[in-house]
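Letters A, B, ... are given to chains in the order of the sequence lines, protein chains preceding strands, and every chain is numbered from 1. Worth knowing before you read on, the calculation uses all heavy atoms, side chains too, and leaves out hydrogens, waters and symmetry mates.
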Amino acid sequence: MMVLVTGASGGLGRAMAVECARRGYDLLLTDIADAPLLRIKQGIERQFGVTVEAKACDLTNDQELAAFFKYIDGEQIHLDMLLNIAGIDYEGGFLSQPSANITRIVQVNIEATLKVTHAALERRRKERFTIVIVSSLASQYPIPLKATYAASKRFLLDFSIALAQELKHENVNVLALCPGGLPTTPEALLGIAAQGIWGDLTTNDLGEVARKTITAALKGKRVYIPGCVNGILRILGRTVPNTLVAKLLYKRWKDAQGRWEAIGAGRIR
Amino acid sequence: MKTVVITGATSGIGLAAAKALAASGARVIGVGRTKETCEKAKADLMTAVPNADIIYVQGDLSSQTDVNAAADQIQSFLPLDGCLNALINNAGGVRSGYTTTADGYELQFALNHLAGFLLTYRLWENLKKAKGRVIFTGSNSHKKTRMHWSDVMYSKHYSCLMAYKQSKLCNMLLAKEINRRFEDSGVKAYVVDPGLVNTSIGNKQTGGIVSAFWSVRRKHGDLPEYTAQTYVYLCNQMPAPYWLYYHACKPANYDKRVDNEQDAQRLFELSEQLCGIRFDGGDVK
């Protein structure tokens, strides 16, 4: 098994890479910076003794992306699985962000995912290929103050489900992962703490999410929403009108952002 | 003058021990995770002990890159003869959920155990020169648990408490194994049982239930200043105290599993592999 992981030195990417290595899969890791990638490569090799290749690539830069896939071709790597983990968000409402930040969310979350998925499919092993696309619980409703992020994740969810149908007869499965908050970084932990009880209820255990995601993807499942509270929220999101959901969520995120600022990033630990 | 290194020296037990050791006349090199907390702790310490000889080194010890960088900095602050009298591996933490470090290791295992292992290795020659002491902050929670060898990082079924208990058992096994392997080195390893101490350990990056539980429980704990005396005792007492595990400056009972030599050796070798080092200087991959 050879698995390509994007966003591999971030919290979820690391956990997914570790989970794959635990299963004995070989890995090809990428992320934007070299140094963190080499550390995770080394840590995984020491723990599990699998083969780990690591190569930095800015997925929004077409030249780097081309060089990255040229490297894959040069090494004659055939892919069995693609984990599209790379994704970003910027905290703050639409008008409080420079426009470049807003479009960067679309570039990383949507454009890069499409480009990588397309290029990886061309280099897939024909017997069987598995794709995981990281959407989010945020894909389930319009979220004021996270408008672009939530919409980008909605795009990924719909795209993922449609692509899965399209490629069904090509022995390709596509799974959309829709996690709630994940305790990946000190900032993420702070963000979860700022949401109070909602943060606790919608937060998923990172190791469990990683394990069940790979299992579900290999079983041919199309959508995986970890946690039962999140599942209920999804159903509610479908039965309640969008405009009302937006109204409710606006209040929730506004409160959370207020608390986030009050707690302050300097007091994480 | 003695030189003492204390990790996690910006709050709680570490800060109290830093104060007590500085007051006893030692040069203290503290390690803290962020610049801000280091500066705040230094100011706090200078108020409590105005003539303290204190230096802070910043580093996130959950990451091995930072442990190595901290070790380099510490060595630059040692006296010219390179003597280090005591290394107090005190930094530790609790995480309610499974999280991986930059090296892809489970955080409690990496921070509570591996960081101290690697730092001890990096400062080993300096400790040997001074016939120094390595002190780990342990806990009575090392009792009634065992090494989870099939998955030491608890990546499959994470339990905050089990991972914490195991990391504290690791402290005991490691101290014991250091004493066994390096009996002739003159270096002695100890573990302190701080007892229940009123610090913020359970409130840092845990959130929700774990944090709320700890907020109630910590109120029943001792003051860190009381616990700090055990560290002063283990650093300064002559001749070197004979026992492994100390509480309130007195030998304390530990779990019989700590005497399992096989486990201790296995942990030592695994830790060498996960840190990419060999204490005997042999080659590593």
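Between the side chain of A/Glu208 and the backbone N or O of B/Lys156, no donor-acceptor pair lies under 3.5 Å. One N or O on the side chain of A/Gln47 and one on the backbone of B/Gly104 form a donor-acceptor pair closer than 3.5 Å. Side-chain N or O atoms of A/Arg39 include none that pairs as donor or acceptor with a backbone N or O of B/Ala102 at under 3.5 Å.
Neither the backbone nor the side chain of B/Thr10 comes within contact range of chain A, judged by heavy atoms closer than 4.5 Å. Heavy-atom distances place the backbone of A/Ile44, and not its side chain, under 4.5 Å from chain B.
With contacts defined as side-chain heavy-atom distances shorter than 4.5 Å, the pair B/Glu272/A/Arg46 does not qualify. At a threshold of 4.5 Å between non-hydrogen side-chain atoms, the residues A/Val18 and B/Tyr98 count as touching. Looking at B/Tyr105 and A/Arg14, their side chains never come closer than 4.5 Å, going by heavy atoms from C-beta outward.
Other residues, nucleotides and ligands contribute more than 12 heavy atoms inside 6.0 Å of the NZ atom of A/Lys41. Other residues, nucleotides and ligands place more than 12 heavy atoms under 6.0 Å from the CD atom of A/Glu75. Annotation: A/Tyr90, atom OH; neighbour count of heavy atoms from other residues, nucleotides and ligands within 6.0 Å is above 12.
Going from atom CG of A/Leu38 over to atom CG of B/Asp103 covers 11.5 Å, rounded to the nearest 0.5 Å. The CG atom of A/Leu206 lies 12.5 Å from the CZ atom of B/Arg95; values are rounded to the nearest 0.5 Å.
In this structure, B/Ser155 and A/Arg22 approach most closely via the heavy-atom pair OG-CD, 3.2 Å.
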